[in-house]
Amino acid sequence: MLSLLHLIESHLREALDKACLNEFSSECSLGVSLDSDLIAASKPEFGDFQSNIALVLAKHLKRNPREIALSVAKVLEEDLRFLAICIPPEVAGPGFINLTLRQSCIENEVKRILGDSRLGVLSIKAEENQKDYGPIVVDFSSPNIAKEMHVGHLRSTIIGDSLARIFEFRGFQVIRLNHVGDWGTQFGMLINHLKQVAPKALDSADAIELGDLVVFYRQAKKRFDDDELFRSESRQEVLNLQSGEPLSLRAWSLLCSQSRREFQKIYDRLDIKITERGESFYNPYLKQVVDELQASGLLVLDQGAKCIFLENMFGKDGKPLPIIVQKSDGGYNYSTTDLAAIRYRFKPKPIGDGAFRILYVTDMGQSSHFEGVFQIARLANWIPERCLIQHVPFGLVQGEDGKKLKTRSGETIRLRDLLDEAVDRAEIDLRSRLADEGRAESKSFIKNVARTIGFAALKYADLSQNRATSYQFSFDRMLSLQGNTAPYLLYSLVRISGIARKGGELEQVTDNLTFALPQELSLARQLLKFDEVIAFIEEELLPNRLCSYLFELSQIFNRFYDQVPVLKAQPELRNSRLALCRLTADTLKVGLGLLGIPTLERM
RNA sequence: GGGGCUGUAGCUCAGCUGGAUAGAGCGACGGUUUCCUAAACCGUAGGCCGUGGGUUCGAGUCCCGCCAGCCCCGCCA
């Protein structure tokens with residue numbers, strides 16, 4: 001309905017122009033935006049849209065807001081183009097202008113998107129004057145090599161994937177990057193440990209199993225913490241690695257490929273597509289980064305380290321805080337890598353990605369780090385004009401005690417255990433429900449439904465929360481069949497499938513539509529809002545808005561389903577209702593798909 | 001010490017960027033099934049939007065102060 005909104009907006013602006021013609025020049029000189037201030041009506045009683053422009057203008061024009069509203073309304077009432085879309089506007093309260101779409105207009109809009117695979121969402125390619133967009137880089141997930149993925153990676157992975165899907169749906173080229181921690185200080189100790197514990201692994205051509213990498217990591221860490229000699233050897237190892245010493249490189253790639261296999265299992269289960277391009281990728285560019293910073297006069301040598309001091313960055317002691325790009329031992333650190341990544345991603349192809357927007361989906365704790373790094377990149381002139389770089393932060397996953405989610409013994413929860421538990425719980429629920437209803441289903445049906453519901457619940461619980469805040473993790477809540485949960489949404493879709501199975505030919509609906517009942521109209525109205533939601537998310541990067549949209553859609557549909565017969569409706573009503581069912585199903589499928597959630601026919 | 005985030009119903013959270021009587025869900029209480037999956041629907045109760053100022057026609061939303069909780073702050077990412 002976005003195009004309709006824009007159309008009404010232009011009529012409104014014109015009307016405003018006419019109604020306030022005399023005052024216009026003085027008004028303009030006040031610098032007030034002539035935005036018609038058209039927004040969705042705050043309540044259904046107020047129609048579809050409302051404009052509060054009269055209230056805004058009242059002061060500047062020194063006129064009564066109600067009077068302005070009435071005169072604007074009068075102009076609109078005489079505008080035939082406007083009247084083709086809306087019924088005559090109403091002025092309410094102190095000067096709100098309420099606009100209500102004609103029923104025929106709603107019917108036409110539904111016709112327009114019925115059977116459209118994009119559901120009315122414009123592709124970026126169809127938009128004018130914005131054809132030179134480069135790709136969008138979404139940097140997400142990013143676990144560390146030799147460590148296991150845990151809850152902390154859940155949000156980044158799920159939110160990043162969903163944002164990527166939404167941009168792809170809009171027609172952007174998206175580069176999904178897994179900026180894995182495959183470089184840096186911790187590899188010193190890992191390689192050192194590997195060389196000492198399993199030297200044979202480095203000689204043989206085939207990679208050997210390292211056993212549990214997590215255990216391996218812990219052993220190395222323990223030695224690093226306890227053993228002074230081991231520590232200094234490890235530091236040397238880092239430098240060996242960074243200078244490309246073959247044996248160190250071999251040990252390194254052994255560790256990486258081992259981890260990669262483990263990560264991939266998780267991504268496969270969650271249906272996440274992502275390209276690994278770890279920190280090591282940028283190693284060849286680190287020196288250039290430092291050189292360029294040096295050349296642009298940004299670097300300061302402080303206690304042997306090459307640093308940049310930024311405004312508004314202070315340490316604990318209140319002194320200016322440096323960002324170190326080259327340590328006193330000559331090594332580089334994460335800021336350097338992040339800078340190299342920014343530089344590379346914005347550089348045109350073939351020596352870069354030619355990105356026009358970069359998103360970093362990482363936890364809130366890294367806000368100040370990114371703020372600093374972005375500032376440096378800007379100073380160094382690595383961010384082209386018109387291009388966007390944004391940190392997309394998210395809050396913690398907390399346990400039901402309100403603290404960071406941990407196991408009972410206080411350890412980090414492994415992601416794969418979390419996935420297993422979600423599916424197990426979903427299966428237990430499902431089996432007891434089948435037993436209650438006396439249904440017999442095949443084992444494969446049960447496995448498939450449990451897996452779909454389990455993962456859906458997990459993803460949805462995460463995405464439906466405003467990402468900026470921390471959220472309380474609860475299997476019981478996310479798997480609940482009522483409320484704003486994945487199972488509730490999936491169930492709505494199952495109901496529509498039921499209609500299709502029982503003879504509702506959803507694919508064969510004609511576009512001869514008439515809506516009469518309020519339940520039909522409110523469902524139609526909700527369906528028409530899909531494109532606005534997508535546009536909002538593209539701007540604000542808040543997938544939870546898609547969740548609440550889909551939840552509201554399900555609620556409205558369930559009300560419709562409960563109160564309005566579809567299959568048993570009279571022939572002239574049946575087609576329109578089937579059309580609503582079909583569009584609801586399509587919207588739910590596409591919407592959930594954008595959240596990375598597949599749907600079910602039966603559950 | 002500096003910076004950031006959060007504070008809305010008993011609980012978990014929305015709140016579309018300043019608009020009309022602050023919304024959901026869960027939980028509580030009450031109702032609905034010869035009918036497309038009742039995993040649903042309908043209704044009732046429940047609020048000093050942390051707090052004190054300010055900005056203006058109008059503030060949960062913007063600004064300042066305060067209180068509480070969490071996070072980050074020099075060679076880890």
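What you see is a predicted model, and the numbers here were worked out from it, not measured in a lab. Labels below follow one simple rule: chain letters A, B, ... track the order of the sequence lines, proteins then strands, and each chain is numbered from 1.
- As judged by a 4.0 angstrom heavy-atom cut-off over every strand, A/E371 is placed among residues making no nucleic acid contact.
- Side chain to side chain, A/D48 and A/T100 fail the donor-acceptor criterion of an N or O pair below 3.5 Å.
- Secondary structure note: stems in RNA chain B built from 3 or more consecutive Watson-Crick or G-U wobble pairs under 3.5 Å occupy B:1-7 with B:67-73, B:10-13 with B:23-26, B:28-32 with B:40-44, B:50-54 with B:62-66.
- Relative orientation of the A/H193 and A/F230 rings is perpendicular, given thresholds of 30° and 60° on the angle between their planes.
- Listed by first then second residue, pairs satisfying ring-ring contact (aromatic ring centres under 6.0 Å, His included) with a partner in residues 525-554 of chain A read A/Y488-A/F551, A/F530-A/Y549, not counting sequence neighbours.
- A/A58 comes within contact range of no nucleotide atom at all, as no heavy-atom separation falls under 4.0 Å.
- Across all strands, A/Q482 comes closer than 4.0 Å only to sugar-phosphate atoms, never to a base (heavy-atom distances).
- In this structure, A/H369 has its ring center under 6.0 Å from that of A/Y334.
- A/S42 and A/Q50 share a side-chain donor-acceptor pair at under 3.5 Å.
- In this structure, A/Y561 and A/F557 have tilted ring planes: the angle between them lies in the 30° to 60° band.
- Salt-bridge annotation for A/K221 and A/D225: present, with a side-chain N of the basic residue lying under 4.0 Å from a carboxylate O of the acidic one.
- Within 6.0 Å of CD in A/E90 there are 12 or fewer heavy atoms belonging to other residues, nucleotides or ligands.
- Using C1' as the reference atom, B/C62 and B/C49 are 16 Å apart when rounded to the nearest Å.
- Taking atom C1' in both B/A77 and B/U12, the straight-line distance is 32 Å, to the nearest Å.
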For every nucleotide of nucleotides 16-22 of chain B, 5' to 3': is a protein heavy atom under 4.0 Å from its base (B), only from its sugar-phosphate (S), or from neither (-)?
BB-BBS-
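- Atom pair A/R66:CZ and B/G58:P shows a separation of 19 Å (rounding to whole Å applied).
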Using a cutoff of under 3.5 Å, can you pull out all pairs of nitrogen or oxygen atoms linking the protein to nucleotides 28-34 of chain B, with atom names and distances?
none

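- RNA chain B is contacted by both A/G365 and A/N144; A/G365 maps to the nucleotide lying nearer its 5′ end (nearest heavy atom per residue).
- Across the P atoms, B/C11 and B/U44 are found 23 Å apart, a figure rounded to whole Å.
- Summary of the strand contacts: A/G483 and A/V494 both lie near RNA chain B, and taking for each the nucleotide with the nearest heavy atom, the more 5' one is attributed to A/G483.
- Going from atom CE of A/M189 over to atom P of B/A77 covers 12 Å, rounded to whole Å.
- With rounding to whole Å, A/F560 atom CZ is found 15 Å from B/A40 atom C1'.
- A heavy-atom distance below 4.5 Å is found between the side chains of A/R577 and A/F560.
- Set against B/U37, B/G15, B/G74, the side chain of A/N544 has B/G15 as its closest nucleotide.
- Listed nucleotides B/C36, B/A39, B/G25 differ in distance to A/F551; the shortest reach to its side chain belongs to B/G25.
- Nucleotide B/C36 holds its P atom 21 Å from the CG atom of A/N575, rounded to whole Å.
- Straight-line distance between the P atoms of B/C29 and B/C36: roughly 29 Å, to the nearest whole Å.
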Can you pull every protein N or O that's under 3.5 Å from an N or O on nucleotides 10-13 of chain B?
from, atom 1, to, atom 2, distance (Å)
B/U12, OP1, A/Q472, NE2, 3.4
B/C13, OP1, A/Q472, N, 3.0
B/C13, O3', A/Q465, OE1, 3.1

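- A donor-acceptor contact under 3.5 angstrom links the side-chain atoms of A/Y334 to the base of B/A77.
- Using a 4.0 Å cut-off between charged side-chain N and carboxylate O, A/D329 and A/R235 make no salt bridge.
- B/U8 takes the anti form, because its glycosidic angle lies more than 90° either side of 0.
- We find that CZ of A/R577 is positioned 16 Å from P of B/C36, with the value rounded to whole Å.
- The gap from the C1' atom of B/A39 to that of B/C26 amounts to 15 Å, rounded to the nearest Å.
- Counting heavy atoms from C-beta on, the side chains of A/F140 and A/N178 never come closer than 4.5 Å.
- Straight-line distance between the P atoms of B/G47 and B/U51: roughly 14 Å, to the nearest whole Å.
- Annotation: salt bridge (charged side-chain N to carboxylate O under 4.0 Å, His left out) contacts of A/E148 (sequence neighbours excluded): A/R414, A/R416.
- Nucleotides B/A20 and B/U61 are separated by 16 Å at their C1' atoms, to the nearest Å.
- Contacts of A/P487 with the nucleic acid, taken as non-hydrogen atoms under 4.0 Å apart, are absent.
- Closest non-hydrogen pair, A/L405 versus A/G399, comes out as CD1-CA, 3.5 Å.
- If you measure from atom CD1 of A/I323 to atom C1' of B/A77, you get 14 Å, rounded to the nearest angstrom.
- Checking side-chain atoms of A/S141 against main-chain N and O of A/T157 turns up no donor-acceptor pair under 3.5 Å.
- Residue contacts for A/G498: at a heavy-atom cut-off of 4.0 Å it reaches the sugar-phosphate backbone alone, with no base atom in range.
- In this pair, A/W252 and A/F187 present their aromatic rings perpendicular. The plane angle is above 60°, beyond the 30 to 60° band.
- Distance, A/L310 CG to B/G3 P: 16 Å, rounded to whole Å.
- Of the candidates A/R223, A/E233, A/R231, A/N192 forms a side chain to side chain donor-acceptor pair (under 3.5 Å) with just one, namely A/E233.
- Note on A/R433: a base of the nucleic acid sits closer than 4.0 angstrom, heavy atoms only.
- A/Y561 has no side-chain polar atom (N or O) that falls below the 4.0 Å cut-off from OP1 or OP2 of B/C35.
- The aromatic rings of A/Y282 and A/H179 are tilted relative to each other, their planes meeting at an angle between 30° and 60°.
- Across B/C70 and B/U33, the matching C1' atoms stand 48 Å from one another, rounded to whole Å.
- Residue A/V449 is out of contact with every strand shown, counting any heavy-atom pair closer than 4.0 Å.
- Look at A/Q563 and you won't find any side-chain N or O under 4.0 angstrom from OP1 or OP2 of B/A40.
- Nearest to the side chain of A/I324, among B/A39, B/G74, B/G25, sits B/G74.
- For A/Y488 and B/C41, the shortest distance from a side-chain N or O to OP1 or OP2 is below 4.0 Å.
- The distance between atom NE2 of A/H369 and atom P of B/G2, rounded to the nearest whole Å, is 24 Å.
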